[in-house]
Amino acid sequence: MRLATWNVNSLKARLDRVLAWAADKQPDIFCMQETKLADELVPLLAFRELGYEVAHHGLGTWNGVGIASRVGLDEISAGLPSEDGWADDGGRFVSATCAGIRVVSIYVPNGRVVGSEFYIAKLEWLARLNAWLRQAADPTVPMAVCGDFNVAPEDIDVWDPTAVHGATHVSPPERNAVARMREWGLVDVVRRFHPESGFYTWWDYRAGNFHKNIGMRIDHVYLTEPLADRAVAVERDRDARKPSTYPGIPSDHAPLIVDFADAESSRATPPAAA
DNA sequence: ATGCCATACGTTGTATGA
């Protein structure tokens, strides 16, 4: 079972590349962010040709998140709910159950500049996500929260912690919010498999930053323990960030891929050979 | 390293991103 997540930076502009990549990498569950599409403009037929159903939440122009699955797509929920009835209607949260896994695709607000109204809104959104975890989710149930968190959890996740524009993505309140997600019971599975520094998922388009590895690790796959225990490999597909590998211009983000052992294969006693 | 790029919207520019 293969799970992937990718900030595609416009599914409209990136469609050929995304489809070619999916056909090549064959994710069973494929979370996308920044589709920049309204729900009715999602190219469902193109995904269906590859065997995927798609759940999507987006208003168009900005944001937009989706989950493509070829292992079932049930209990679709769009928008981040909260106790007071507030829900994200900006296209930043969609969830569905796929092959017994609760899958969540998120696009956390950017925040722009520390202290700005956008930064406050980012912290509020992350607080609501934490509240949703504690109210509506269960750390003993297989769940994957995937997407563009717009937070680099540690200094090793950014090329220069002092140089980040406006100091967002690295500020203590943002990092604390993501730490609270881990404290609740989510595992940073990419870190578990790749403790090295400089394992980035985003590089600015400008100034050759990709080739100089001037970037940040801001896209994440956070798993509850029962699912993290099944993970056998984690790949960050740096090739997908290169112009030459797939059709069209690359996104400024690289995809993450997590491979899992089948639920049955973790049994203590393997099935008898046929 | 305050944008040299890329996107959307819409029209030769502005807003946004991280």
Side-chain angles (χ1 to χ4, degrees), chain A residues 5-19 21 32-43 56-66 88 90-92 105-126 146-175 177-178 190 198-220 236 238 240-256:
Chain A
T5 186
W6 193 7
N7 180 324
V8 299
N9 186 15
S10 172
L11 186 55
K12 181 181 177 185
R14 210 71 58 215
L15 185 60
D16 289 347
R17 175 167 284 246
V18 168
L19 293 173
W21 181 86
M32 290 169 276
Q33 299 83 36
E34 279 207 88
T35 62
K36 299 185 179 180
L37 290 178
D39 293 342
E40 60 270 24
L41 295 179
V42 175
H56 185 268
H57 179 44
L59 304 180
T61 306
W62 304 117
N63 316 324
V65 288
D88 152 46
R92 297 184 177 274
S105 180
I106 62 169
Y107 175 50
V108 177
N110 174 296
R112 300 195 194 178
V113 174
V114 169
S116 69
E117 62 179 302
F118 303 96
Y119 176 80
I120 300 301
K122 178 181 193 174
L123 294 180
E124 288 175 348
W125 199 92
L126 286 167
C146 307
D148 180 353
F149 287 43
N150 269 322
V151 176
E154 300 179 83
D155 283 352
I156 60 171
D157 297 318
V158 57
W159 83 98
D160 180 353
T162 67
V164 179
H165 306 171
T168 53
H169 302 66
V170 298
S171 76
E174 293 167 80
R175 285 176 165 174
V178 173
V190 178
F199 198 78
Y200 304 141
T201 64
W202 169 88
W203 304 261
D204 197 297
Y205 280 119
R206 291 163 289 193
N209 281 6
F210 173 62
H211 298 288
K212 292 184 270 189
N213 200 31
I214 293 174
M216 291 194 277
R217 191 174 77 95
I218 54 175
D219 300 272
H220 303 293
R236 171 214 46 179
R238 195 176 171 279
R241 179 60 176 77
K242 299 176 181 175
S244 57
T245 48
Y246 296 97
I249 294 164
S251 169
D252 45 356
H253 296 251
L256 294 167

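- With distances taken from any side-chain atom of A:T61 to the nucleotides B:dG17, B:dT7, B:dC9, the minimum falls on B:dC9.
- Rounded to whole Å, the distance from OH on A:Y107 to C1' on B:dT16 is 8 Å.
- A:D219 and A:W202 form no side-chain donor-acceptor contact under 3.5 Å, judged by distance and modelled atom types alone.
- Which of B:dA18, B:dA1, B:dT7 sits closest to the side chain of A:N209 comes down to B:dA1.
- Taking every heavy atom of both residues into account, A:K12 and A:L37 meet most closely at CB-CD2, 3.9 Å.
- Between B:dG10 and B:dA15, the two P atoms lie 14 Å apart (nearest whole Å).
- Side-chain atoms of A:N110 and base atoms of B:dA18 include a donor and an acceptor less than 3.5 Å apart.
- For B:dT7, the OP1/OP2 oxygens have no side-chain nitrogen or oxygen of A:N9 closer than 4.0 Å.
- A:F199 does not carry A:R217 over the face of its six-membered ring by the limits of under 6.0 Å from the centre and within 45° of the normal.
- Taking 4.0 angstrom as the limit, A:R206 places none of its side-chain polar atoms (N or O) nearer than this to OP1 or OP2 of B:dT2.
- With DNA chain B read from its 5' end, the first of the two nearest nucleotides for A:A167 and A:I249 is the one closest to A:A167.
- Within the 4.0 angstrom heavy-atom criterion, only backbone atoms of the sugar-phosphate kind lie near A:D148; the bases stay farther away.
- Taking atom NE2 of A:H253 as the reference point, atom P of B:dG17 lies 11 Å away to the nearest angstrom.
- For A:W6 and A:W21, the ring centers sit closer than 6.0 Å to each other.
- Separating the P atom of B:dT14 from that of B:dA1 is a span of 26 Å, rounded to the nearest Å.
- Between A:T35 and A:N7, the residue anchored nearer the 5' end of DNA chain B, judged by the nucleotide with its closest heavy atom, is A:T35.
- Nucleotides B:dG13 and B:dA18 are separated by 26 Å at their P atoms, to the nearest Å.
- Here B:dG17 presents its P atom at 7 Å from CZ of A:R92, a figure rounded to the nearest Å.
- At a threshold of 4.0 angstrom between heavy atoms, the contacts of A:Y200 with the nucleic acid are absent.
- The side chain of A:W159 has B:dA1 as its nearest neighbour among B:dA1, B:dA18, B:dT7.
- Distance NE2 (A:H169) to C1' (B:dT16): 12 Å, rounded to an integer number of Å.
- For A:R238 and A:F210, the positive end sits near the middle of the six-membered ring, less than 6.0 Å away and at most 45° from its axis.
- Regarding A:K36, its NZ atom lies at a distance of 16 Å from the P atom of B:dA15, rounded to whole Å.
- Looking at heavy-atom distances under 4.0 Å, A:W203 makes no contact with the nucleic acid at all.
- If you measure from atom NZ of A:K212 to atom C1' of B:dC4, you get 10 Å, rounded to the nearest angstrom.
- One can place CG of A:N63 at 12 Å from C1' of B:dA8, the figure rounded to the nearest angstrom.
- For B:dG17, one of the phosphate oxygens OP1 or OP2 lies less than 4.0 angstrom from a side-chain nitrogen or oxygen of A:R112.
- Here B:dA18 presents its P atom at 10 Å from CH2 of A:W62, a figure rounded to the nearest Å.
- Using a cutoff of 4.0 Å between basic side-chain nitrogens and carboxylate oxygens, A:R175 and A:D157 are not scored as salt-bridged.
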